[in-house]
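Below is one structure, written out as structure tokens; comments come after it.
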Amino acid sequence: MFLTLFLIKHSRRVLVRMTPMNSLEIEIKSGQNGRYPVTISYRPVGDFEVARGGELVWEGVERELRQVGDDRQAYGEVLGRALFQDVIRDTWMQARRDSEGGVRVLLNVEAPELKGFQWERLCAPSGGSGAWRHLHTDQRAVFSWYLPSANERRFPPIGRMDLGALVVLANPPADNQAGLARVDGEATIAAARRGLGEIPTTVLAHVEGADGVPTVDNVLRHLSEGRYTILHLIAHGYHNEEKGKSYIYFVDETGERVEPVTATTIIERFDNLAGGKLPYFIFLCTCDSAKGEGEGALGGIGQRLVRELGVPAVVAMTEQISVATAEVLTTPFYEQLRAHGEVDRALVAGLAGVMGAGDVLVPAVFGRLGERPLFSDSLERPLTDKEIVAGLARMKTLVPERAPILWTDFVGAVQKVQPTLGVGTGG
């Protein structure tokens, strides 16, 4: 018991405590004749869940969406007025009134024929003013896609010490065969590094000081040989509507040629990774990486990483995103994520700096964490191998100083524990 408590004390740092959020999960199920059952589940903090049933009547909605075109506000209002009716609207308003610390909105669209619409633009009534606001950018209503997964991969709870990032920049060469624009590689990598802070980071890019080249083979090799809980991928992406396929553009070893890789190929290769090698969180700073109509009813690569591989959380782009927006978003997003571990809250905070941008609604969170953080230093879980190693390293210094009589017993205990750990104890 003493050893366990000592390890806990000396291996963990306390995360910023965020005000608990009430939770509202909206599930749109498959229906018939343009009528879709909706379940809305409201979970106040520290209270029982209340589930209510409603209905989404789709008749005329698709026509209205075509009429408003690319007007994001109008598009979101059309979706919102169709969804927030009767008991759905009443439950939403109750949750908003009750939620001093904000309400976490989790959307799950099960109906295949509705998945291709741009639900990230969804607006909801904000109260007595009669205004409709995008849930996606409302810091009082943190919004994400909740995607169930049948994949059996295990992602045991982790702490801050387990974080490690693989940053990949597939910057196309000038005058490349696909006509892709180059980005400022140094600035892009610097933005990611600033946000990731003290998190150990490996960089694959054709920039000075990088740890390797950004080929798809090299990315898979690093994931296979290392332990990266975060993958941050910066690359061009494209959804070909005619072929119904999505692509991410990597580059070859020389950096002189781009290599388009289909979303299906990426999913298959990631699926081949051994247990424990798939990242817990993936940031696809890649255009069209979560386009709703990508890969048919399956969704884009962002959605498929969650549904098919079980990745706990993904941030991906539902449309084209500008380099400027991506760079401004990256640093504050990771700063917030390091502070409290909540992906959806971190994205909303990051988007606060680009509210005037036309592509502010493009980044979206897809995941199955629900109300849980990506990582936590809570004492309500077993210690991870890295936390045990950190505690043992600290004890190697403190035991001789404070309890030298226990040194022999301590060394014996370390020798028994060390073979069971996935990382070395060092020293």
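Basis for what follows: all heavy atoms, side chains included, without hydrogens, waters or symmetry-related copies. Here the structure is a predicted model, which means the values were calculated and not measured.
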Any side-chain heavy atom of [X] within less than 4.5 Å of one from [Y]?
{"X": "Thr201", "Y": "Arg193", "answer": "yes"}
{"X": "Ser30", "Y": "Pro112", "answer": "yes"}
{"X": "Val314", "Y": "Val365", "answer": "no"}
{"X": "Arg133", "Y": "Cys123", "answer": "no"}
{"X": "Ile321", "Y": "Pro363", "answer": "yes"}
{"X": "Ile26", "Y": "Val38", "answer": "yes"}
{"X": "Leu79", "Y": "Leu65", "answer": "yes"}
{"X": "Asn108", "Y": "Pro148", "answer": "yes"}

Side chain [X], main chain [Y], donor-acceptor under 3.5 Å:
{"X": "Arg338", "Y": "Leu196", "value": "yes"}
{"X": "Thr265", "Y": "Val261", "value": "no"}
{"X": "Asn176", "Y": "Val258", "value": "no"}
{"X": "Trp92", "Y": "Pro125", "value": "yes"}
{"X": "Gln303", "Y": "Gly300", "value": "yes"}
{"X": "Arg345", "Y": "Gly341", "value": "no"}
{"X": "Thr318", "Y": "Val362", "value": "yes"}
{"X": "Asn240", "Y": "Lys245", "value": "no"}
{"X": "Ser41", "Y": "Ala51", "value": "no"}

Going from [atom1] on [X] to [atom2] on [Y], what distance comes out if it is rounded to the nearest 0.5 angstrom?
{"X": "Leu309", "Y": "Arg153", "atom1": "CG", "atom2": "CZ", "answer": "6.0 Å"}
{"X": "Leu223", "Y": "Asn272", "atom1": "CG", "atom2": "CG", "answer": "12.5 Å"}
{"X": "Ile88", "Y": "Met93", "atom1": "CD1", "atom2": "CE", "answer": "14.0 Å"}
{"X": "Glu319", "Y": "Met317", "atom1": "CD", "atom2": "CE", "answer": "11.5 Å"}
{"X": "Ile28", "Y": "Leu83", "atom1": "CD1", "atom2": "CG", "answer": "5.0 Å"}
{"X": "Phe366", "Y": "Ile301", "atom1": "CZ", "atom2": "CD1", "answer": "12.0 Å"}

* Looking at residues at least two apart in the chain, or sitting in another chain, which of them share a side chain to side chain donor-acceptor pair (under 3.5 Å) with Asp138? -> Arg96
* Output all residues satisfying side chain to side chain donor-acceptor pair (under 3.5 Å) with Asn171, sequence neighbours left out; order by chain, then residue number. => none
Donor-acceptor contacts, no H, no angles, side chain residues 181-192, under 3.5 Å, sequence neighbours left out:
from, atom 1, to, atom 2, distance (Å)
Arg182, NH1, Pro172, O, 2.7
Asp184, OD1, Glu186, N, 3.3
Asp184, OD1, Ala187, N, 3.2
Thr188, OG1, Asp184, O, 2.8
Thr188, OG1, Glu327, OE2, 3.0

* **Near-ring test Phe117/Trp58, centroid separation under 6.0 angstrom** => yes
Closest heavy-atom pair and its distance - [X], [Y]:
{"X": "Pro332", "Y": "Val328", "value": "CD-O, 3.1 Å"}
{"X": "Ala346", "Y": "Leu337", "value": "CB-N, 3.8 Å"}
{"X": "Thr229", "Y": "Leu163", "value": "OG1-CA, 3.1 Å"}
{"X": "Tyr146", "Y": "Gly370", "value": "CE1-N, 3.9 Å"}
{"X": "Leu180", "Y": "His236", "value": "CB-CD2, 3.7 Å"}
{"X": "Tyr249", "Y": "Ala178", "value": "CE2-CB, 4.1 Å"}

Within the 3.5 Å criterion, strictly below it, is a donor on [X] or [Y] matched to an acceptor on the partner's side chain?
{"X": "Tyr238", "Y": "Gln320", "value": "no"}
{"X": "Ser23", "Y": "Arg104", "value": "no"}
{"X": "Tyr334", "Y": "His232", "value": "yes"}
{"X": "Arg304", "Y": "Thr264", "value": "yes"}
{"X": "Ser322", "Y": "Asp359", "value": "yes"}
{"X": "Tyr42", "Y": "Asn22", "value": "yes"}
{"X": "Thr384", "Y": "Asp162", "value": "yes"}

* Asked: Stepwise, does the side chain to side chain contact (heavy atoms under 4.5 Å, CB included) test hold for Tyr228 with Thr202?
  -> CA-CA 9 Å; Tyr228 299 98; Thr202 298; 3.0 Å; yes
Check this for me: does any side-chain nitrogen of one of [X] and [Y] sit under 4.0 Å from a carboxylate oxygen of the other?
{"X": "Glu49", "Y": "Arg43", "value": "yes"}
{"X": "Glu59", "Y": "Arg35", "value": "no"}
{"X": "Arg269", "Y": "Asp217", "value": "yes"}

* **Result of checking Glu27, Glu110, Lys29, Arg52 against Thr39 for side chain to side chain donor-acceptor pair (under 3.5 Å)** => Lys29
* To do: Could you name each residue pair satisfying side chain to side chain donor-acceptor pair (under 3.5 Å) that touches residues 67-78, not counting sequence neighbours?
  => Asp70-Arg72, Asp70-Arg121, Gln73-Glu77, Gln73-His134, Glu77-Arg81
* CA sep, side-chain torsions, deciding dist, call: Leu369, Asp344, side chain to side chain contact (heavy atoms under 4.5 Å, CB included) -> CA-CA 10 Å; Leu369 288 170; Asp344 49 6; over 6 Å; no
* Structure fact -> Contacts satisfying ring-ring contact (aromatic ring centres under 6.0 Å, His included) that involve residues 205-226 (not counting sequence neighbours) are none
Quick one: side chains of residues 275-287, donor-acceptor pairs under 3.5 Å with protein atoms, not counting sequence neighbours, listed by atom name and distance.
from, atom 1, to, atom 2, distance (Å)
Lys277, NZ, Ser224, O, 3.4
Lys277, NZ, Gly226, O, 2.9
Tyr280, OH, Pro156, O, 2.6

* Asked: Run the side chain to side chain contact (heavy atoms under 4.5 Å, CB included) check on Val360 and Thr325 step by step: do they pass?
  -> CA-CA 8 Å; Val360 65; Thr325 296; over 6 Å; no
* To do: Check the surroundings of atom CD in Gln177: do more than 12 heavy atoms from other residues, nucleotides or ligands lie under 6.0 Å from it?
  => yes
* Going through the distances and angles, do Phe143 and Leu106 end up as a side chain to side chain contact (heavy atoms under 4.5 Å, CB included)? -> CA-CA 6 Å; Phe143 175 83; Leu106 307 170; over 6 Å; no
